[in-house]
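Beneath this line is the structure, given in structure tokens, with notes to follow.
Each chain gets a letter, A, B and so on, in the order the sequences are listed, and its residues count up from 1.
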Number of protein chains: 4
Amino acid sequence: MALKEVRIERDSLGEMEVPREAYYGAQTARAIRNFPYGGPRFPRPFIRALGLLKRAAAEVNMELGLLDPRRGQAIVEAAQEVADGRFDDQFVVEIFQTGSGTSTNMNANEVIANRATELLGGERGSKLVHPNDHVNLGQSSNDVIPTAIHLTILMLLGEELLPALAELQDTLHRKAEEFMPIIKTGRTHLMDATPIRLGQEFMGYAGQVERAQRRLRTVAEDLREVPLGGTAVGTGTNTHPEFARRVCARIESLTGIPLRETENHFQGQSSLDALVFASGALKAYATGLMKIANDIRWMGSGPRAGLGELVLPAVQPGSSIMPGKVNPVIPESVLQICAQVLGNDLVVAIGNQWGNFELNTMMPVIAHNLIQSIQLLAGASRNFARQCIAGLVATERGPALVEQGLMLATALVPVVGYDAASRIAQEAYRTGKTVRQVAREQLNFTEEELERILDPVRMTEPGFSAGPGGG
Amino acid sequence: MALKEVRIERDSLGEMEVPREAYYGAQTARAIRNFPYGGPRFPRPFIRALGLLKRAAAEVNMELGLLDPRRGQAIVEAAQEVADGRFDDQFVVEIFQTGSGTSTNMNANEVIANRATELLGGERGSKLVHPNDHVNLGQSSNDVIPTAIHLTILMLLGEELLPALAELQDTLHRKAEEFMPIIKTGRTHLMDATPIRLGQEFMGYAGQVERAQRRLRTVAEDLREVPLGGTAVGTGTNTHPEFARRVCARIESLTGIPLRETENHFQGQSSLDALVFASGALKAYATGLMKIANDIRWMGSGPRAGLGELVLPAVQPGSSIMPGKVNPVIPESVLQICAQVLGNDLVVAIGNQWGNFELNTMMPVIAHNLIQSIQLLAGASRNFARQCIAGLVATERGPALVEQGLMLATALVPVVGYDAASRIAQEAYRTGKTVRQVAREQLNFTEEELERILDPVRMTEPGFSAGPGGG
Amino acid sequence: MALKEVRIERDSLGEMEVPREAYYGAQTARAIRNFPYGGPRFPRPFIRALGLLKRAAAEVNMELGLLDPRRGQAIVEAAQEVADGRFDDQFVVEIFQTGSGTSTNMNANEVIANRATELLGGERGSKLVHPNDHVNLGQSSNDVIPTAIHLTILMLLGEELLPALAELQDTLHRKAEEFMPIIKTGRTHLMDATPIRLGQEFMGYAGQVERAQRRLRTVAEDLREVPLGGTAVGTGTNTHPEFARRVCARIESLTGIPLRETENHFQGQSSLDALVFASGALKAYATGLMKIANDIRWMGSGPRAGLGELVLPAVQPGSSIMPGKVNPVIPESVLQICAQVLGNDLVVAIGNQWGNFELNTMMPVIAHNLIQSIQLLAGASRNFARQCIAGLVATERGPALVEQGLMLATALVPVVGYDAASRIAQEAYRTGKTVRQVAREQLNFTEEELERILDPVRMTEPGFSAGPGGG
Amino acid sequence: MALKEVRIERDSLGEMEVPREAYYGAQTARAIRNFPYGGPRFPRPFIRALGLLKRAAAEVNMELGLLDPRRGQAIVEAAQEVADGRFDDQFVVEIFQTGSGTSTNMNANEVIANRATELLGGERGSKLVHPNDHVNLGQSSNDVIPTAIHLTILMLLGEELLPALAELQDTLHRKAEEFMPIIKTGRTHLMDATPIRLGQEFMGYAGQVERAQRRLRTVAEDLREVPLGGTAVGTGTNTHPEFARRVCARIESLTGIPLRETENHFQGQSSLDALVFASGALKAYATGLMKIANDIRWMGSGPRAGLGELVLPAVQPGSSIMPGKVNPVIPESVLQICAQVLGNDLVVAIGNQWGNFELNTMMPVIAHNLIQSIQLLAGASRNFARQCIAGLVATERGPALVEQGLMLATALVPVVGYDAASRIAQEAYRTGKTVRQVAREQLNFTEEELERILDPVRMTEPGFSAGPGGG
């Protein structure tokens, strides 16, 4: 690098070269050198949250008389630009960095300080606006980073994941209504069971997604409590006692998301239990979604040698060697995303083991995995709804097999008892006949009575096909 | 086995030998043969829940006129005996069995049927009271087993885990008060940070345990919704539409635990998302508890070459080779339990992937892991509180090192700025002096001012030691 | 407990009551009180390994002149009795105990010491043979316990798991031969693909199990290196430099299992990397076994509305509500076992994180999970082979659908190209015709040529049905 | 997009717009639309492996007379360009795609076909060289993708991970030699134990890394077996029987990596057991590395209130609020990477559950996680060696505390027995004296004898400080 292209900055470890046009400073430059893994970086939503937090902090510090209005206004403006994504290319530190996320906090402080300095007519690197003394005033990475993680997740839940789940639930619900007239053979243990409506199955799926939203809203409630205000070790040293409460209020007015300062800062920055709990809710949804996606690809299996009850939208040719093949690629991509979410959840849990004393030092990797899980699940839910569920078509095959179902014999149980009904089902299996045929042969029912008892429609509803003791 | 010692029972697959004195019947005997793994069985709390459920079912079936009172009363009595643990030795089927838990449901049905038969003066195996037609009336394993899992967990949460957490929180809280006067060096990244009170650290721990309880209560709320009433595939075939609602009400009157029949049975028995969510809350607590246990053993490390801030109760000699050694064995057992809970949580999540269509077929292994996690965490929390936390004694070492702490320099930041304060801390480090000494040498403060600024007591509270701009 | 029923023993923490008839002593009694979780204990195979190790240690200590022959012989005899299981009821300490397993090492030392004392005519508790000075001579829990874990696993691999896998492989292989003539529709993405022989699928399964054995043998090789000889911290203090090498040789002569003392003791007892690697091999097998079990239950699905290509042995009635239902309960139990193995593997990995300095303190929980995984996988493999695989019967359905398969069109690709073949497959799909019918209509092939090209038998072998450019 | 900027391509699903300048074609364009998750893509090493494989395939197909030399040569050239990274920007499909990786295989086929067409003077999209008929000749995604995964991993192991581990081992080994004279207090259960040399601890770390390499080489051996040649379902339909063997040989000559065609194709593409095993070896290393990184940051803890035995290189200012603080940020980044590897390992294992019949459909997510783990572990190992281990400096503190160590009493055990030695250690603890002082007071040893017995140097070696019975 030619001499002209760098500027020299100083931090407490000495001089450091920084690219001349960079908004970040010496500490960020050190972090680039220290963490050369080629891994992922903090994503946009996190930088947005961090920017908003820095803006609110400056506003409150001015309000409390701790920050002069000239510098303060410049910080507010610069921080908002960071929140808006204008300096995303300046956020160059990898996820795999110091466990407190200090490098990213300093990256933000430096970018905002230099941009604010610039807005005030100063020179980058001059520290006219100081990254620590002014931008980070009243804050520590140890309370800022976990607070920013909470805020990021809350924004992503509200703006991305919950709407995506609502869309998926709605799509499933519409399909449930469309498919409600279709009666098919239910399956338990993969084996033919009593009849069910295809629409009832989709009602079940919709119900899963509905409950997932309920759980995520619970989690969101839990995440509103933030550690801001604890500064270095949770005691709140070097911050104004009013600082965090006021910053929370400002963030709410900026984003509509209510945050509240924890009344127990010591738990708030040394442990991330709330994030493990949040991740568990994502995992619960992911495993539920796997079940849905798997069911649907199985119902679409075939077309000739599979279950063949559904046709999935053909979105791409399926095979490089088998011509004309169409595969359930959307469900497969959903399943893979869910598998990733399970792995991510483990990282979050492992990360939370590694707190010691006043600080958890796995914050960046926890943030990365949680944020990725939310974004991927939002994408999966939306895409699954739009490119797969919405276009599902039911075939004739499900209804065509109902009368063949041996478990119609279940409707005989209230009339002839479990043991006798078993013998009829087994005879039907052995002979290839239907339950109706065997029942007709072996029981003294009129055709009308049999019709009433062995009624697949009635079997899709609570109650006894023929009333217990009936027949 | 001599011929006289068995009786012959029939089920739909034919004849089966059953030990003559056994209360269980043919299907249980088959399950014993089918699942010979030597693994764990369903534990007492689950059998209790299953017994209560069977009792309530018989009461409701009588009430609805579906079960004759003579048989019904006998079932009620027999089921209560099962709930009370009188027949635990008859519950012989392993966890690793059919994925619906049908073998255990039938085990219960058979034991109750034979015991009820006996109460009515009949002979075991005679099916005077029939396991399917009478005991299982209006039920299917597919709705009974997941409902029994929910009920078991709710009972264990209310009777075991939440009280254990309350005890741990209380013990931590009392220690927090006891330790509040003790000021020590805080630690972030394991490195000396600004001062903190030992009591504040314990307040943090107590806060973690408090929040864990809150999350578990949320989970309990979620688990009150049960799939009972769906029978085989969620449609409710072969049960009375009123059955499940009434059984829930009876169980509430028997146990004090409110249950409610789900309004969406299809999600209820094909997916166990609620259990994954519940397990996530256990995991969140477990990882938090690991942090606490780890902190405490580290604070007790030494006695000569460790941190040595706490003395843990000496509960056993520590080493088979090193005489006089005492180790933090209680925290170690807690840590191992928490590790097990993380593994168990994974099993629950993996299990929930394996639902297909109308049924999840990993129910027993999911139940086993969840129940074990709850029981172990309850035991760990109680034992940790009683045999470790309650007896902790603080040493002189923590307070003795505070004045040595380089991060006292943090209190200089509001007065001289971050960069100057850094230089003072570094000089102290290099020379082995205290921050106070270097500050005295380099800054123009009176001794009184220095006293006011570098006040460790003030640094354990929000605000600025000297007020910003002060000094 | 009445006064007469206890004896008083002393250890370094003072007096302790011990049941008068117990072979264990004060330290074990303390451990019972300290770890009251109601959790699992060390299983038989581990106690066997520990007994053998203690026997070999006494023999070597005598040989080296460090232990007098009278006490030594008594220890040898007592330790062998422990190995033989005669005192299993005296091993009362739970898994969740001190992280080094010291409590169980001392339990063994105490039982052996008291039994040896008894054999020499002394009184229990008299320490005529001393648990530390004689039985534990030259050892520390820190090298004994991990060595015993390795030995346990090696014995279980050789005696249980590898033979069970060999049996499963053999059973699968015989089925592969039996099913080799049966041609069916292959499936990729669950969708119909080119034909395959049912026997080829089973050959694939057999191949998986074969490779699993190869990997487990690799792991066994890795585990032969043991930390014995490092004593307290890996330096080997208080043991004879020849001790460990000679004990390894004796154990080999007792068990046929070659062990070798590590040349790097410091890695050997502070980290259990080898056990994580071993667990990974178990997990690899478990996930592979899940695939096999799942395939087989899917092929057996139906009988009317499923794939219906196989009939699984009917081992028990399937449903408490649906009469005559038969479910794939053996594969389901196998799947649950595999899920447990995945959870157990996580515990092992988490455990290995928690080593500090000279010792890992998660040894008992790691041992428990690994041993359980091996035992369960051995049981699952054997039971799956015997009660499921061996009895599988192929139906007509697989072969009956081959001619319907759209992917027969793949055989047209070398002749007409991928794009044209696609159009033919799609036309067949749209019209419900077979590929042969459409090809007959659209291509200028003689019936003979079509026969040669669209030959399912040829498609189950490498090469081109008609030769590229043929036809 | 303006009309002029796209071209229209056709595939079996109809017309599709493709950016006019794109080398990829219709199927890739569909995949972009189908998988809009914003997630990661296949990384460089995978595309390199895929390019090499396509090149070798074309060479072999020419050799076998199945591909005309003109097209063949163009494919060879284009594929090599892909391998060289010239078209990385054309590989636009996300990881979360079809489970077979068909979209990425077709992406490669299309890019190579269009580039080869261009090299022959044709027009992109003209299919002069056809992606399926020519580039993919004799291949299926189902055998190509898993083979490419194996090849990628083998290249990364050989070129990245194993060299990084060798470097780390070497660095640790050099530090072990440097630190061998330094005697410090050993620690078990975090508590002071018998003395150890700091160099011995580093020898242990080096030993862990050495064994990790051995395990990875075992894994590499396992991965040389590849499924290429099985084509669609493992039968090898539409490929020449010689194809795969020859391609493997060519790849070996191109890369130096020996591959061999599996003799059991059915296991090879339906299950990825070998990849789970490989991931297990990575996990074993990761957990071991966590232990090392954690030890080192603990030894560096302080500087005043921690263990303070090491000083880590100061690579960046540690805190945004605490001036002059330096944190162990390199070990923290390593720990976070290892946590990620554990999560990734879980994804691999979960993925392998989801094979059905002839294909695993989690291949892309499995590949992604494995490759990321290898790359991150390589980076972590290198960076840890260079920026942390190499610069470690030992302080005076470790040696200074040795004489204080209570576990020097262990050296008394062979002389006075465990019980008496315990009493001495306890007395020393109670009184604050050293073991030597108490021994001097209570035992009848000359100062010379005490010197010989209580010799920390001797205690860092196997054997008895004073010989058993000595003194």
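Remark: Ser271(A) OG to Leu289(B) CG distance equals 11.5 Å, nearest 0.5 Å. Taken to the nearest 0.5 Å, the CE atom of Met290(B) stands 9.5 Å off from the CD1 atom of Ile350(A). Between the OG atom of Ser422(B) and the CG atom of Asp11(A) there is a distance of 8.5 Å, given to the nearest 0.5 Å. Between the CZ atom in Phe464(B) and the OG1 atom in Thr237(A) there is a gap of 8.5 Å [rounded to 0.5 Å]. Taking NZ of Lys283(B) as the reference point, atom NZ of Lys283(A) lies at 3.5 Å (rounded to 0.5 Å). Atom-to-atom distance recorded for Glu309(A):CD and Phe357(B):CZ is 6.5 Å, nearest 0.5 angstrom.
Looking at His130(B), only its side chain comes within 4.5 Å of chain A, counting heavy atoms on both sides. Looking at Thr218(B), only its side chain comes within 4.5 Å of chain A, counting heavy atoms on both sides. For Leu64(B), no part lies near chain A; criterion is any non-hydrogen pair under 4.5 Å. Both the backbone and the side chain of Gln208(B) come within contact range of chain A, judged by heavy atoms closer than 4.5 Å. For Arg197(A), no part lies under 4.5 angstrom from a heavy atom of chain B. Interface remark: Thr361(B) contributes side-chain atoms only to the contact with chain A (heavy atom separation under 4.5 Å). Only the side chain of Val219(A) has a heavy atom closer than 4.5 Å to any heavy atom of chain B. Looking at Asn356(B), the atoms closer than 4.5 Å to chain A (heavy atoms on both sides) sit in the backbone and in the side chain alike. For a residue to count as touching a neighbouring chain, one of its non-hydrogen atoms must lie under 4.5 Å from one of that chain's; by this rule Asp295(B) touches chain A with backbone and side chain alike. Interface remark: Glu221(A) contributes no atoms to any contact with chain B (heavy atom separation under 4.5 Å). There is no contact between Arg10(B) and chain A, counting heavy-atom distances below 4.5 Å. Looking at Ile296(A), there are no atoms closer than 4.5 Å to chain B (heavy atoms on both sides), in backbone or side chain. At a 4.5 Å heavy-atom cutoff, the contact between Asp273(B) and chain A is made by backbone and side-chain atoms alike. For chain A, the nearby part of Thr262(B) is the side chain; its heavy atoms alone come within less than 4.5 Å. With a 4.5 angstrom heavy-atom cutoff, Gln269(B) does not touch chain A via any of its atoms. Heavy-atom distances place no part of Thr231(A) under 4.5 Å from chain B, backbone and side chain included.
Note on Met299(B), Met407(B), Glu210(B): by heavy-atom pairs under 4.5 Å with chain A, the leading option is Met299(B). When each of Leu342(A), Asp419(A), Asn238(A) is checked for heavy-atom pairs under 4.5 Å with chain B, Asn238(A) comes out on top. The candidate with the highest count of non-hydrogen atom pairs below 4.5 Å against chain B, out of Asp345(A), Leu346(A), Val413(A), is Asp345(A). Put simply, of Pro131(B), Ala274(B), Ala278(B), the one with the most heavy-atom pairs under 4.5 Å next to chain A is Ala274(B). When each of Gly207(A), Gly280(A), Ala212(A), Cys338(A) is scored by its heavy-atom pairs under 4.5 Å with chain B, the top score falls to Gly207(A). Contact count versus chain A (heavy atoms, under 4.5 Å) is highest, among Thr239(B), Thr194(B), Leu282(B), Thr188(B), for Thr239(B). Taking chain B as the reference chain and counting heavy-atom pairs below 4.5 Å, the highest number among Ala232(A), Gly99(A), Ser279(A), Ala281(A) is found for Ala281(A). Across Glu263(B), Lys127(B), Glu461(B), the residue that shares the most heavy-atom pairs under 4.5 angstrom with chain A is Glu461(B). Among the candidates Pro195(A), Ala284(A), Gly234(A), the residue making the largest number of heavy-atom pairs closer than 4.5 Å to chain B is Ala284(A). Heavy-atom pairs under 4.5 Å with chain B peak, among Glu201(A), Glu242(A), His240(A), at Glu201(A). Of all the listed residues (Ala425(B), Pro462(B), Ala206(B)), the one sharing the greatest number of non-hydrogen pairs under 4.5 Å with chain A is Pro462(B). The candidate with the highest count of non-hydrogen atom pairs below 4.5 Å against chain A, out of Leu137(B), Leu272(B), Val276(B), is Val276(B).
The heavy-atom pair separating Val233(A) from Ala193(B) by the smallest distance is CG1-CB, 3.6 Å. Between Ser100(B) and His189(A), the shortest heavy-atom contact is OG-CE1, 3.1 Å. Across all their heavy atoms, Gly355(A) and Lys291(B) have their closest contact at O-CG, 3.4 Å. Closest of all the heavy-atom pairs between Thr235(B) and Met459(A) is OG1-O, 3.1 Å. Gly463(B) approaches Pro241(A) most closely through the heavy-atom pair CA-CD, 4.2 Å.
With hydrogens and angles ignored, the 3.5 Å screen pairs a side-chain donor or acceptor of Gln426(A) with a backbone N or O of Ser12(B). At least one donor-acceptor pair under 3.5 Å links the side chain of Glu358(A) to the backbone N or O of Arg187(B).
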Trace of the salt bridge (Lys or Arg N to Asp or Glu O under 4.0 Å) decision for Asp222(B) with Arg215(A) | CA-CA 8 Å; Asp222(B) 198 45; Arg215(A) 289 178 197 122; 2.8 Å; yes
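In this structure, Phe266(A) and Ile196(B) have side chains that are in contact, with non-hydrogen atoms separated by less than 4.5 Å. Between Arg211(A) and Glu225(B), the closest side-chain pair of non-hydrogen atoms falls below 4.5 Å. Using a 4.5 Å heavy-atom threshold, the side chains of Asn136(A) and Tyr418(B) count as separate.
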